[in-house]
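To keep things clear, I will list the structure first and then write my remarks on it.
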Amino acid sequence: MMIASWNVNSIRARTDAVLAWLDRTQCDVLCMQETKVVDGEFPRDEFVRRGYELAISGQATYNGVAIASRHPLEDVRAGFLGDPDASEKRILSARVRGSRIVTVYVPNGKNIESEAFRYKLGWLERLRMNLTQYLHDKELLLCGDFNIAREERDVFDVEKMRGQLHFHPDEHRALAHLLDFGLQDSLRKFHPEAGLYTWWDYRAGSFRRNRGLRIDYIFLNDALAERCTEAGIDKAERSGPKPSDHTPVYIRLKD
DNA sequence: ATGACTGACGATGTCAGA
């Protein structure tokens, strides 16, 4: 079973690219972020025609998350506990073949002096508290765009990034606290090397020069990590026509 | 180089992204 996460940067702008990617990979479950569209205008039919079920939690212009799955989606939950109708649509989860899959679009944070940065840290703390609702799920996957590069090997220029947005000690603490729930970074189980990124700025030839950040992750609890046979970043997708600035990350699980 | 590019909204610019 293949499970992927992709910040598509507008599902309407990326419909053809996403569908072509699904046709090529036959991915079982694709979690999407930054769909940027209200639920009624999500290109639902194109997914359904390919045999995917959809769970969507969208809004106009900003944010929006969705899960497309070739297996039934059960117990779909949008938003934080007790706040399902939050104005910002950033979290969505469902159970697929017995595993709880949670996908998030963590706030960007704007800059480290801003109110938006404090909001980002608070949002991560709320996410941590919300994970307790999945204590009964034996298999837990948390994926998405976290807008944080975890380690020095995850950024293109350590000295430039140190203490900056996406690589700030407060962000690192918040993410570490999240992983303390019992989650591990699937990619690093297989690929320890530096220079593996999931996002590249559209400007200044960043992709061509591989000046990027690893900010998209698939985190697994021990039960799922044990089943995980492969993890990767589909870097080629970033060089396609009209790409998102993020490229898909994925794992494979044995049955 | 506090730049660059892309998308939404809805307009010939502004905001946000990361």
Side-chain angles (χ1 to χ4, degrees), chain A residues 5-19 21 31-43 56-66 86-91 103-124 127 143-172 174-175 178 195-217 233 235 237-249:
Chain A
S5 176
W6 191 2
N7 179 324
V8 297
N9 187 14
S10 170
I11 188 58
R12 285 179 294 180
R14 220 68 60 203
T15 303
D16 291 348
V18 171
L19 295 173
W21 189 84
C31 299
M32 291 166 271
Q33 304 86 35
E34 277 207 277
T35 52
K36 295 186 178 179
V37 69
V38 293
D39 294 357
E41 291 175 36
F42 194 100
I56 52 183
S57 181
Q59 66 184 89
T61 312
Y62 306 114
N63 311 316
V65 282
S87 59
E88 298 194 348
K89 306 299 189 185
R90 296 180 177 275
I91 175 166
T103 192
V104 295
Y105 173 49
V106 175
N108 172 296
K110 208 180 290 272
N111 68 69
I112 61 170
E113 314 292 340
S114 67
E115 180 58 36
F117 187 69
R118 288 185 287 280
Y119 177 77
K120 178 181 195 174
L121 297 174
W123 196 93
L124 286 162
L127 174 59
C143 71
D145 175 1
F146 289 77
N147 272 315
I148 302 169
R150 294 189 62 210
E151 302 174 294
E152 294 189 358
R153 58 184 166 166
D154 298 320
V155 304
F156 68 92
D157 186 334
V158 175
E159 293 318 312
K160 177 188 159 82
M161 289 300 299
R162 200 182 298 287
Q164 298 302 307
L165 187 70
H166 304 119
F167 199 63
H168 188 280
D170 292 346
E171 293 172 312
H172 290 148
L175 190 50
L178 196 60
L196 302 177
Y197 308 130
T198 65
W199 169 89
W200 298 261
D201 200 304
Y202 282 121
R203 300 168 292 185
S206 298
F207 180 68
R208 180 175 46 79
R209 298 192 285 161
N210 198 32
R211 292 170 65 86
L213 301 172
R214 191 169 76 99
I215 54 179
D216 300 85
Y217 302 94
I233 300 170
K235 189 176 177 183
E237 189 61 32
R238 182 61 175 78
S239 57
K242 247 173 72 80
S244 167
D245 43 357
H246 298 251
T247 211
V249 297

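Letters A, B, ... are given to chains in the order of the sequence lines, protein chains preceding strands, and every chain is numbered from 1.
Distance noted for atom P between dA1(B) and dA11(B): 38 Å (whole Å). With both ends at atom C1', the span from dC15(B) to dG10(B) equals 13 Å, rounded to whole Å. To the nearest whole angstrom, the two P atoms, one in dT2(B) and one in dT12(B), are 29 Å apart.
A cation-pi contact, defined as under 6.0 Å to the ring centre and within 45° of the axis, is absent between K110(A) and Y119(A).
When the side-chain nitrogen and oxygen atoms of H166(A) are compared with OP1 and OP2 of dG17(B), none of them lie within a distance under 4.0 Å. Here R238(A) does not reach the OP1 or OP2 of dC5(B): none of its side-chain N or O atoms lies under 4.0 Å away. Note on R14(A): a side-chain N or O is less than 4.0 Å away from OP1 or OP2 of dG7(B). Contact check, N7(A) against dA18(B): a side-chain N or O comes under 4.0 Å of OP1 or OP2.
Whole-Å rounding puts the D145(A) CG to dG17(B) C1' distance at 10 Å. Rounded to a whole Å, the CZ atom of R209(A) is 12 Å from the P atom of dC5(B). In this structure, the CG atom of N9(A) is 11 Å from the C1' atom of dA18(B), given to the nearest Å. The separation between R150(A) atom CZ and dA18(B) atom P is 19 Å, rounded to whole Å. The distance from atom CD of E34(A) to atom C1' of dC9(B) is 15 Å, rounded to the nearest whole Å. Rounded to a whole Å, the CG atom of D157(A) is 14 Å from the C1' atom of dA1(B). Rounded to whole Å, the distance from CZ on F42(A) to P on dA8(B) is 13 Å. Atom CD in Q33(A) sits roughly 17 Å away from atom C1' in dG7(B) (whole-Å rounding).
Counted within 6.0 Å of CG on D16(A), heavy atoms from surrounding residues, nucleotides or ligands total 12 or fewer; the atom is thus considered open.
Here the straight-line distance linking atom CD1 of I215(A) with atom CD of E171(A) works out to 10.0 Å at 0.5 Å rounding. Between H166(A) atom NE2 and H172(A) atom NE2 the span is 11.0 Å, to the nearest 0.5 Å. A distance of 7.0 Å separates OH of Y217(A) from OG1 of T198(A), quoted to the nearest 0.5 Å.
Not a single donor-acceptor pair under 3.5 Å links the side chain of R211(A) to the backbone N or O of D201(A). Within the 3.5 Å criterion, the main-chain N or O of Y202(A) finds no donor-acceptor partner in the side chain of S206(A). Within the 3.5 Å criterion, the main-chain N or O of R150(A) finds no donor-acceptor partner in the side chain of R214(A). Here the side chain of E41(A) pairs no donor or acceptor atom with the backbone of V38(A) at under 3.5 angstrom.
Every residue meeting the side chain to side chain donor-acceptor pair (under 3.5 Å) condition with Y105(A), not counting sequence neighbours, appears here in chain and number order: E34(A).
Taking 3.5 Å as the limit, the base of dA18(B) and the side chain of N108(A) contain a donor-acceptor pair of atoms between them.
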Problem set entry | Which nucleotides of DNA chain B pair, in dot-bracket form (Watson-Crick or G-U under 3.5 Å, | meaning another strand) | ....(((((...))))).
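Comparing atom distances between the N147(A) side chain and each of dA18(B), dA8(B), dA4(B) picks out dA18(B) as nearest. Of all nucleotides listed (dA4(B), dA18(B), dG7(B)), dA18(B) comes nearest to the side chain of W199(A). For H246(A), whose side chain is taken as the heavy atoms from C-beta onward, the closest listed nucleotide among dG7(B), dC9(B), dA18(B) is dA18(B). Considering only the side chain of R12(A), dA8(B) comes nearest among dA8(B), dA4(B), dA18(B).
Positionally, the nearest nucleotide of DNA chain B for Y202(A) lies more toward the 5' end than for the other of L213(A) and Y202(A).
Using a 4.0 Å heavy-atom criterion, one finds that I215(A) contacts the sugar-phosphate atoms exclusively. Residue-level contact check: Y105(A) touches the backbone only, with heavy atoms under 4.0 Å from sugar-phosphate atoms and none from bases.
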Restricting to nitrogen or oxygen on both sides, can you table the protein-nucleotides 10-16 of chain B pairs closer than 3.5 Å?
none

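Counting all heavy atoms, side chain and backbone alike, E237(A) lies closest to T247(A) at CB-OG1, 3.4 Å.
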